[in-house]
Amino acid sequence: MSGSLLIALSILIPLAGAGLISLSARKPNQRETVTIITAILLFAVNVLLAVKLFNGETLILEVLEPIEGIPVAFTIEPLGMLFGLIASFLWIVTSFYAIGYMRANDEKHQTRFYACFAIAISATMAVAYSGNLLTMFIGYEVLTLSTYPLVTHHGDAKSMRAGRTYLGILLGTSIGLLLTAIIITWFLAGTLDFRPGGILTDKASDGMILLFLGLYMFGIGKAALMPIHRWLPAAMVAPTPVSALLHAVAVVKTGVFVVLKVIVYIFGIDVLNASGAGEWLMWIATFTLVMASIVALTKDNLKARLAYSTVGQLAYAVLAGSLATQWSILGGSMHIAMHAFGKITLFFCAGAIYTSLHKTEISDMKGIGRVMPFTMLAFLIGALSVAGLPPGGGTWSKWYIALAAAETRHWIVVVALMLSTLLNIAYFMPIVANAWFVPMAAKSVGAMTAPVEDKKLREAPLFCLIPICLTAVGCLALFVLAGDVQTFLAPMLDGLAEKGLSQ
């Protein structure tokens, strides 16, 4: 099967799945079977693409050319391939989890949920494999629009308000800033193609590069840099499988993926370093990762704490891009995978706790490790990975970013990274400690209270529990397989400036 056909299938399979899901509205078992089969087929196609890419094949698909010289085209390179593999694999896991969660909580509009989810994955594939800024922008906007019904899933006033914030910020930044940057790039460079080394060399002054970087970085609202991060915590009103989609599978990962792709293939790290434009972005990202962690400490609602944790973790990848060395680009690229597995595990656990115990506030979760041991063990593993501690995969991505900061002598950034890790521990570990070592809260019995003696396992349904265990194992596996991820990304890294890995 040709590479161009496989690229087309990677985008069309989820769309076809969305259509079949919609036709299966009255048959829940058939609808969910279609969802699972579609997700598995997509992952299989991406594995075949990865094999072809690893064997040195050039993978290109040009669909049409609406504007002369600007085609809708797809080209696969290592960073996009890694993102595509992660998103498609986690779609399988999230689909199983969603079946358990949506049924156990008797959620409404399940057909719409699965169909929109599939469309969002198709848009994610289009962004991952985009060959130029136009194609990327189209996929980016479709992703925003297809996830709006998911954010507003419950249809109440709170959900609709969150949806307006979500849509307003993401469309406002992309149309007002990102599209403006793309248009100016076309006039300056004469192309919108993603090319190794970038397309802006000798095309713009240092001041223009600085302006461009601001337009791109704040235009990519899905990366959630402060102060345009508010849409992310607001979207936590959605069901937990949607939160998993937003934080791990597609939306925010699309944001940081586009940030890295623009820095590597539009600016080029040589241009970024020569102009000094990345300096301000480095400080914004550093502020975001520390401040978001501080805010997370104040949140008692578990999903809200995880949301602000995500804001901080996304800033790691943006920081990596701003440092513009081979070490930092490696760390930022790896962080897409490491954070995806760690954060999806944590959100799965939050959903499992809600499904089994109907608890959403951290202060109410004392002693739950005794009745949900598998869930809370997975939570510990996910927390370690997100915090960047062994044996979680996040250890390596944060190590490379810190190494890049030290290499470029940004010692304040190194200190901020250490502080952020301590803050990560501070907002995660008390949850784990209270779950295992503090007795469950007493319950009222008339005018008196009595300790809770229920020691029976109350884990979430197997369709929820098995995905939780799989993603937790994935966190551990990425710690061991970090070298293989680096090898996979090597062709991209070899095209960067002579820094970092060669020293």
Side-chain angles (χ1 to χ4, degrees), residues 83 87 120 123-124 127 136 140-141 143-144 147-148 150-151 162-178 181 213-238 242-263 280-296 298-299 303-322 332 335-336 338-340 342-344 346-347 386 394 397 401 416 420 423-424 427:
F83 182 37
T124 302
V127 173
M136 181 274 293
Y140 186 96
E141 296 296 76
L143 179 58
T144 300
T147 48
Y148 171 76
L150 298 174
V151 173
R164 287 193 295 271
T165 301
Y166 180 82
L167 210 58
I169 292 178
L170 292 187
L171 287 182
T173 53
S174 63
I175 295 174
L177 302 178
L178 180 57
L213 191 63
L215 289 173
Y216 275 113
M217 294 303 105
F218 287 114
I220 304 168
K222 291 184 177 72
L225 274 176
M226 288 184 172
I228 55 171
H229 67 289
R230 287 182 54 250
W231 65 269
L232 188 52
M236 291 305 96
V237 298
V242 177
S243 301
L245 169 71
L246 294 174
H247 289 255
V249 182
V251 179
V252 299
K253 290 301 174 296
T254 295
V256 292
F257 165 76
V258 172
V259 164
L260 289 174
K261 192 153 184 173
V262 164
I263 285 175
W280 72 266
L281 180 60
M282 178 189 69
W283 294 119
I284 291 289
T286 301
F287 173 81
T288 298
L289 68 90
V290 173
M291 184 54 63
S293 298
I294 292 172
V295 175
T298 69
K299 299 299 179 181
K303 286 179 67 176
R305 184 170 293 193
L306 293 178
Y308 275 98
S309 168
T310 297
V311 173
Q313 296 299 320
L314 296 177
Y316 276 90
V318 178
L319 173 63
S322 70
H335 198 62
I336 292 176
M338 307 304 184
H339 180 255
K343 190 51 63 73
I344 201 170
L346 296 175
F347 270 105
V386 171
S397 58
I401 296 170
S420 175
L423 290 169
N424 293 170
Y427 64 67

Apply side-chain contact (heavy atoms from CB on, under 4.5 Å) to Tyr308 and Met236, showing your working. CA-CA 10 Å; Tyr308 275 98; Met236 291 305 96; over 6 Å; no
Full working for side-chain contact (heavy atoms from CB on, under 4.5 Å) between Ser309 and Val386: CA-CA 9 Å; Ser309 168; Val386 171; 4.0 Å; yes
Pair Tyr148, Leu171 - check side-chain contact (heavy atoms from CB on, under 4.5 Å), show working. CA-CA 11 Å; Tyr148 171 76; Leu171 287 182; over 6 Å; no
State the [atom1]-[atom2] distance between [X] and [Y], to the nearest 0.5 angstrom.
X: Ile220; Y: Thr173; atom1: CD1; atom2: OG1; value: 9.5 Å
X: Ile284; Y: Leu289; atom1: CD1; atom2: CG; value: 11.5 Å
X: Glu141; Y: Met136; atom1: CD; atom2: CE; value: 9.5 Å
X: Leu346; Y: Lys303; atom1: CG; atom2: NZ; value: 13.0 Å
X: Leu143; Y: Thr124; atom1: CG; atom2: OG1; value: 4.5 Å
X: Thr288; Y: Trp283; atom1: OG1; atom2: CH2; value: 13.0 Å

Could you pull out the closest heavy-atom pair between [X] and [Y], with the gap in Å?
X: Ala285; Y: Ala315; result: O-CB, 3.4 Å
X: Ile228; Y: Gly221; result: CD1-CA, 3.9 Å
X: Phe218; Y: Pro227; result: CE2-CD, 4.2 Å
X: Ala181; Y: Leu215; result: CB-CB, 3.7 Å
X: Ala162; Y: Ala234; result: CB-O, 3.1 Å
X: Gly219; Y: Leu177; result: CA-CB, 3.6 Å

Trace of the side-chain contact (heavy atoms from CB on, under 4.5 Å) decision for Thr147 with Tyr166: CA-CA 9 Å; Thr147 48; Tyr166 180 82; 2.5 Å; yes
Considering only heavy atoms from C-beta outward, does the side chain of [X] approach that of [Y] to under 4.5 Å?
X: Thr144; Y: Lys222; value: yes
X: Leu225; Y: Leu281; value: yes
X: His339; Y: Ser397; value: no
X: Ile336; Y: Leu260; value: yes

With a cut-off of under 6.0 Å to the ring centre and 45° to the axis, is Lys253 in cation-pi contact with Phe83?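 Negative - Lys253 is either too far from the ring of Phe83 or too far off its axis.
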